[in-house]
Amino acid sequence: MHQLVNFIHREIAECGPIAFARFMELALYCPELGFYEKEGDKVGRGGDFFTSVSVGPIFGELLAFQFGRWFEQSECTSLQLVEAGAHDGKLAADILGWLRIRCPKVFQLTTYRLLEPSARRRQWQRQRLAEFESKVMWVGSLGADSSFSQPTDSFAVIFSNELLDAMPVHRCGWDAKAGAWFEWGVDSDGEKFVWARLTAPPPTSILGLPSSPDLLSVLPDGYTIEVSPTAEKWWDGAARWLRKGKLVTFDYGFDAAGEFQPERLKGTLRAYRDHRANEDVLGKPGEQDITAHVNFARIEKTGIAAGLDTEAFDSQARFLTRIAAEAWKPDSNFGDWNPKRTRQFHTLTHPEHLGNRFRALVQSRA
Ligand SMILES: C[S@@+](CC[C@H](N)C(=O)[O-])C[C@H]1O[C@@H](n2cnc3c(N)ncnc32)[C@H](O)[C@@H]1O
């Protein structure tokens with residue numbers, strides 16, 4: 001049996017059913033055994049799913065163009081680009097490659113940091129980014145426990161693509177009869193992992209579960225939501241670290257208006273393997289990706305509480321098209337819009353591809 005499966009069975013045998021957040025943490029990030037810790041393609045044609053980064057270099061090139069513009073408007077003397085969830089370093093290579101050729105002045109003033117807690121992934125990123133060795137540095141985390149602070153008079157952009165949806169979530173259900181939330185845990189039936197209601201009530205103060213009587217009075221029995229204190233804590237740390245600049249993320253998810261939808265009775269958890277989505281998130285830990293929609297309303301609120309302003313919350317299509325409109329201008333020096341670039345741009349922005357499903361959130365501190 002797969003080593004990770006044994007490891008999780010043992011943990012359940014010792015401690016009883018575990019919170020789903022713990023299961024997801026182990027399935028994705030268990031050192032050496034988790035899905036993101038194992039060697040091999042995960043993202044792109046040969047992997048399990050596509051991302052905007054794997055569509056081609058155009059995503060990074062448009063971001064590089066925009067980051068350069070923000071920096072030039074800021075009148076700061078250096079640019080700190082801080083990427084989280086960089087995976088194999090492809091986005092970093094696309095951004096730095098474009099800046100080096102198209103915007104050498106900004107390139108010279110740029111330092112690129114990869115926020116990467118995993119030693120293995122750092123190693124893969126180092127190989128990918130060998131040609132930018134003097135530009136790139138690694139940091140474990142931002143926030144209170146980080147030894148790295150934003151240099152005075154620098155402009156920083158902290159950014160990520162599909163980072164927050166890959167962070168562990170607690171899965172909670174509404175028990176209409178009891179009028180209370182409960183938490184779904186993971187148990188073992190000796191062979192497989194199975195869902196089990198945890199007997200302890202969910203830690204409401206940490207999870208901040210919905211409490212509006214109007215909402216709860218109409219919520220169907222069993223309505224399921226996912227909550228990610230890890231994602232909110234991460235956003236809070238990044239927001240508080242930022243002295244001047246922007247905090248940007250691209251992901252799929254919903255805003256406050258879309259938080260409770262009849263079609264999401266069972267929540268948004270999905271597993272991805274070989275480019276196919278499935279709902280068996282407890283099957284094959286370590287061999288498939290697990291994700292949940294990002295609750296952008298809570299993420300945005302977290303940033304505002306840390307003193308940031310929301311500048312944009314838009315579809316990826318509209319966000320990238322606004323950048324492209326500037327990049328299309330003849331004097332932009334963006335580079336030719338050859339057919340390959342144009343095809344990649346359509347994939348990123350077409351409503352039936354990644355355009356509407358993905359959103360961009362930009363918060364800033366002036
Ligand atoms: C869905 S992949 C996205 C990869 C890449 N950004 C892309 O768009 O192709 C999510 C990545 O986030 C990383 N990740 C998860 N939690 C993280 C954290 N706290 N800090 C940095 N990276 C993290 C995972 O290891 C994984 O590489």
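One-based numbering along the sequence shown. In listed order, ligands and their atoms are each counted from 1.
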Atoms in ligand 1 flagged as close to Val43, the criterion being non-hydrogen separation under 4.0 Å = 9 (O)

Does NZ or CZ of Arg171 come closer than 6.0 Å to the centre of the six-membered ring of Phe20, within 45° of the ring's axis?
-> no

among protein heavy atoms, the one nearest atom 8 (O) of ligand 1 is Asn161 ND2, 2.7 Å

Identity and distance of the protein heavy atom lying nearest atom 1 (C) of ligand 1 | Tyr36 OH, 3.2 Å

Report the part of Lys90 (side chain from C-beta onward, or backbone N, CA, C, O) that has a heavy atom under 4.0 Å from ligand 1; answer both or neither where that applies.
-> neither

Any Tyr29 heavy atom less than 4.0 Å from ligand 1 | yes

Side-chain heavy-atom pair Gln316, Ser52 within 4.5 angstrom cut-off | yes

Would you say Lys340 has more than 12 foreign heavy atoms packed within less than 6.0 Å of its NZ?
-> no

At a 4.0 Å cut-off, with the gap strictly under it, does some heavy atom of Ser54 reach an atom of ligand 1?
-> no

Looking only at protein heavy atoms, what sits closest to atom 27 (O) of ligand 1 is His87 ND1, 2.8 Å

Just checking, any donor-acceptor pair under 3.5 angstrom between side chains of Glu326 and Ser332?
-> no

How far is atom 10 (C) of ligand 1 from its nearest protein heavy atom, and which residue and atom name does that atom have?
-> Glu162 O, 3.2 Å

Which protein non-hydrogen atom lies closest to atom 25 (O) of ligand 1, naming both residue and atom, and how far is it?
-> Arg121 NH1, 2.4 Å

Please confirm whether Leu163 comes within less than 3.5 Å of ligand 1 when only nitrogen or oxygen atoms on both sides are compared.
-> no

Leu115 neighbourhood, listing ligand 1 atoms whose heavy-atom distance to it stays under 4.0 Å = 21 (C)

Ring pair (Phe, Tyr, Trp, His ring centres under 6.0 Å) test vs Trp98 passes for just one of Phe107, Phe334, Phe59, namely Phe334

Distance-only donor-acceptor check, side chains Asp289 and Tyr36, under 3.5 Å | yes

Sub-4.5 Å side-chain heavy-atom contact between Leu269 and Val169 = yes

Does any non-hydrogen side-chain atom of Gln125 lie less than 4.5 Å from one of Trp138?
-> yes

Tell me which protein heavy atom sits closest to atom 6 (N) of ligand 1, plus the residue, atom name and distance to 0.1 Å.
-> Gly85 O, 2.7 Å

Which protein non-hydrogen atom lies closest to atom 9 (O) of ligand 1, naming both residue and atom, and how far is it?
-> Thr51 OG1, 2.8 Å

Any chain of hydrophobic side-chain contacts (each under 4.5 Å) joining Phe319 to Trp328?
-> yes

Does a side-chain heavy-atom distance below 4.5 Å link Trp234 with Met167?
-> yes

Identity and separation of the nearest protein heavy atom to atom 20 (N) of ligand 1 | Pro117 CD, 3.4 Å

Ligand 1 atoms in contact with Met167 (distance to a heavy atom under 4.0 Å) = 19 (N)

